[in-house]
Chemist: 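Once you've had a glance at the structure underneath, I'll fire off some questions.
Below, chains carry the letters A, B, ... as their sequence lines are ordered, and counting in each starts from 1. All of these numbers come straight from a predicted model, not from anything done at the bench.
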Amino acid sequence: MPELPEVETTRRGIEPHLQGQRVERVLVRNASLRWPVPDDLDARLSGQRIRQVERRAKYLLIRAESGTLLCHLGMSGSLRLVDAATPAEKHEHIDLVLANGQALRYTDPRRFGCMLWVVEGEQHPLLATLGPEPLSNDFSAPYLQAKAKGRKAAIKPFIMDNAVVVGVGNIYASEALFSAGIDPRKAAGQVSAAKLALLVDEIKTVLARAIEQGGTTLKDFVGGDGKPGYFQQELMVYGRAGLPCHTCGHELREVKLGQRSSVFCGACQR
DNA sequence: AAATATACCTGACTGC
DNA sequence: TGCAGTCAGGTATATT
């Protein structure tokens, strides 16, 4: 599932191929994503040049001349460049056909993603309430300490809350909490200031390392499968319930927090 | 206001 | 072999 590092890797992979290119047309084979793909998308975007590709949280913002294509990969989505003549397979729902004969192809088997149009100068409601970017200076120890104050929600769902900090999904939340030695069940307001500061560092570290690996081990965004090097990094707890902790050997436990499975070490995380 | 539950969807896996 | 059932998971939204 694309987490923030995969989205950033995708951004870096596709931007060089899109920048300055003119969109010839938009081919929508299946418009039923999380929200319907606007039926006037082709009319809105065709003929325009793509200026740049940005990222906000796990959203990709493909900036064109009169507006922005707002794209989310959901859990199973991916984007890659193909020759526009390449026949589309089952879950390849959308093509941004470029004037140079290539196409940016959107694939999403589970259709949890979205592809929306935002008119230039407007802000989409989806982006309005997002918290700070985890790798920015706005996401700091003082910020998280203030935000956590008095909060009774468990720390894991708390840091997965997009209003607190964006882009921290189940995998990286689990891994960062392990690295910081924090019990994922502990109320956010009860975690010490020192541990919250450590958590901020660990979130930044785990995400930055994953992006770095994405840049090296990565995938082929042109012609290839377009799948970033998902989860190349060694996972300490995620998906390892019942197995021994890599640090102390204690058997890793699994609990549900906010409907999400959470694996942790009862000895290392307190 | 905050916490919790629900819905969306389908591939992968489990058990019969 | 095949079928039915379960689960995962990001995030908006509804409900308590």
Side-chain angles (χ1 to χ4, degrees), chain A residues 1-11 28-38 55-61 70-79 88-94 106-116 118 123-134 144 146-177 184-191 203 206-207 210 225-228 230-231 235 237-242 252 254-264:
Chain A
M1 328 81 226
E3 294 232 17
L4 186 143
E6 286 75 36
V7 178
E8 177 60 22
T9 295
T10 296
R11 188 194 72 73
V28 180
R29 299 181 199 85
N30 186 345
S32 70
L33 302 185
R34 191 179 208 288
W35 295 284
V37 177
R55 179 187 60 74
R56 175 71 173 108
K58 294 178 187 173
Y59 294 92
L60 284 169
L61 293 88
L70 180 61
C71 175
H72 196 293
L73 302 177
M75 299 184 46
S76 58
S78 63
L79 284 167
E89 314 235 343
K90 187 173 179 189
H91 301 298
E92 300 182 338
H93 309 310
I94 300 169
Y106 175 78
T107 307
D108 187 2
R110 294 188 191 176
R111 311 209 312 271
F112 268 30
C114 67
M115 191 77 79
L116 301 169
V118 185
Q123 202 210 16
H124 197 281
L126 287 170
L127 306 179
T129 60
L130 297 176
E133 286 289 324
L144 194 64
K147 203 81 177 171
K149 196 166 187 177
R151 292 288 291 267
K152 292 175 181 169
I155 186 70
K156 177 156 174 284
F158 178 73
I159 58 170
M160 290 175 69
D161 180 347
N162 266 343
V164 174
V165 57
V166 302
V168 182
N170 202 20
I171 296 175
Y172 294 116
S174 302
E175 295 298 315
L177 285 166
R185 301 166 298 178
K186 194 159 190 171
Q190 298 292 110
V191 179
I203 287 173
V206 73
L207 291 175
D225 62 8
K227 287 180 185 163
Y230 287 163
F231 319 140
L235 299 177
V237 290
Y238 181 84
R240 299 194 66 247
L252 298 178
E254 177 168 22
V255 294
K256 288 268 184 207
L257 290 172
Q259 322 300 107
R260 278 306 79 113
S261 87
S262 307
V263 182
F264 68 103

Chemist: Can you measure A/Leu257 atom CG to C/dA8 atom C1' for me and round it to whole angstrom units?
Modeler: 16 Å
Chemist: For A/Met160 and B/dT4, what is the distance between atoms CE and P respectively, to the nearest whole Å?
Modeler: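 One finds 14 Å between P of B/dT4 and CE of A/Met160, rounded.
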Chemist: From the options B/dC9, C/dT11, C/dG10, select the nucleotide whose nearest atom is closest to the side chain of A/Arg111.
Modeler: B/dC9
Chemist: With a 4.0 Å cut-off on heavy atoms, is A/Tyr59 in touch with a base, just the backbone sugar-phosphate, or nothing at all?
Modeler: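 A/Tyr59: backbone/sugar contact only, no base atoms under 4.0 Å.
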Chemist: Would you kindly give the CE-to-P distance between A/Met75 and B/dA12, to the nearest whole Å?
Modeler: 13 Å
Chemist: So, is A/Lys256 near the phosphate of C/dA8, with a side-chain N or O under 4.0 Å from OP1 or OP2?
Modeler: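 It does, given that an N or O in the side chain of A/Lys256 lies less than 4.0 Å from OP1 or OP2 of C/dA8.
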Chemist: Could you list the donor-acceptor pairs under 3.5 angstrom formed between side-chain atoms of residues 160-170 of chain A and any protein atom two or more places apart in sequence or on another chain?
Modeler:
residue: A/Asp161; atom: OD1; partner: A/Ala163; partner atom: N; Å: 2.8
residue: A/Asn170; atom: OD1; partner: A/Lys156; partner atom: NZ; Å: 2.5
residue: A/Asn170; atom: ND2; partner: A/Ser261; partner atom: O; Å: 3.2

Chemist: With side-chain contact (heavy atoms from CB on, under 4.5 Å) as the criterion, how do A/Glu133 and A/Arg56 come out once you've worked through the C-alpha distance, each side chain's angles and the decisive distance to 0.1 Å?
Modeler: CA-CA 8 Å; A/Glu133 286 289 324; A/Arg56 175 71 173 108; 2.9 Å; yes
Chemist: From the set C/dG10, B/dA3, C/dA12, return the single nucleotide nearest to any side-chain atom of A/Leu126.
Modeler: C/dA12
Chemist: Going from OH on A/Tyr106 to CG on A/Leu60, what distance comes out if it is rounded to the nearest 0.5 angstrom?
Modeler: 10.0 Å
Chemist: Considering only B/dA3, B/dC9, C/dA12, which nucleotide approaches the side chain of A/Arg110 most closely?
Modeler: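 Of the options given, the side chain of A/Arg110 lies nearest B/dC9.
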Chemist: Just the rounded figure in Å: distance from P of C/dG10 to CG of A/Leu4.
Modeler: 12 Å
Chemist: At a heavy-atom distance below 4.0 Å, what parts of residues 31-38 of chain A sit against DNA chain C?
Modeler: A/Arg34, A/Trp35
Chemist: Write down the atom of A/Pro184, the atom of A/Ala154, and the distance for their closest heavy-atom approach.
Modeler: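 Shortest heavy-atom contact: O-CB, 3.5 Å.
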Chemist: What is the separation between atom NZ on A/Lys149 and atom C1' on B/dA2, rounded to the nearest whole Å?
Modeler: 18 Å
Chemist: Starting from the 5' end of DNA chain C, give me the residue, A/Gln259 or A/His72, whose nearest nucleotide shows up first.
Modeler: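 Counting from the 5' end, the first nearest nucleotide belongs to A/Gln259.
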Chemist: Could you state the CZ-C1' distance from A/Phe112 to B/dT10, rounded to the nearest angstrom?
Modeler: 8 Å
Chemist: What nucleotide among C/dT11, B/dG11, C/dA12 has an atom nearest to a side-chain atom of A/Arg260?
Modeler: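 Out of C/dT11, B/dG11, C/dA12, the nucleotide with an atom closest to A/Arg260's side chain is C/dT11.
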Chemist: Give the nucleotide from the list C/dG10, B/dG11, C/dA8 with an atom nearest to the side chain of A/His91.
Modeler: B/dG11
Chemist: Could you check which of B/dA3, C/dG10, C/dA8 has an atom nearest any side-chain atom of A/Ala153?
Modeler: B/dA3
Chemist: Considering all heavy atoms of both residues, which atom of A/Leu73 and which atom of A/Pro2 are nearest to each other, and what is their separation?
Modeler: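 Taking A/Leu73 first and A/Pro2 second, the nearest heavy atoms are CB-CG, 3.9 Å.
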Chemist: To the nearest 0.5 angstrom, please state how far the OG atom of A/Ser174 sits from the CD atom of A/Glu254.
Modeler: 9.5 Å
Chemist: Within this structure, what is the CE-to-C1' distance between A/Met115 and B/dC8, rounded to whole angstrom?
Modeler: 18 Å
Chemist: Report the distance from atom CG of A/Leu70 to atom C1' of C/dA12, rounded to the nearest whole Å.
Modeler: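 The answer, rounded to whole Å, is 13 Å.
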Chemist: Taking 4.0 Å as the cut-off, does a side-chain nitrogen or oxygen of A/Lys58 come that near to OP1 or OP2 on C/dT11?
Modeler: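 For A/Lys58, the contact criterion (side-chain N or O under 4.0 Å from OP1 or OP2 of C/dT11) is met.
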Chemist: Can you sort out the partners of A/His93 under ring pair (Phe, Tyr, Trp, His ring centres under 6.0 Å), two or more places apart, ordered by chain and number?
Modeler: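 With sequence neighbours excluded, A/His93 shows a ring pair (Phe, Tyr, Trp, His ring centres under 6.0 Å) to no residue whatsoever.
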Chemist: In a check of side-chain contact (heavy atoms from CB on, under 4.5 Å) between A/Cys71 and each of A/Lys58, A/Arg55, A/Met115, which one passes?
Modeler: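 With A/Cys71 as partner, A/Lys58, A/Arg55, A/Met115 yield a single side-chain contact (heavy atoms from CB on, under 4.5 Å), made by A/Met115.
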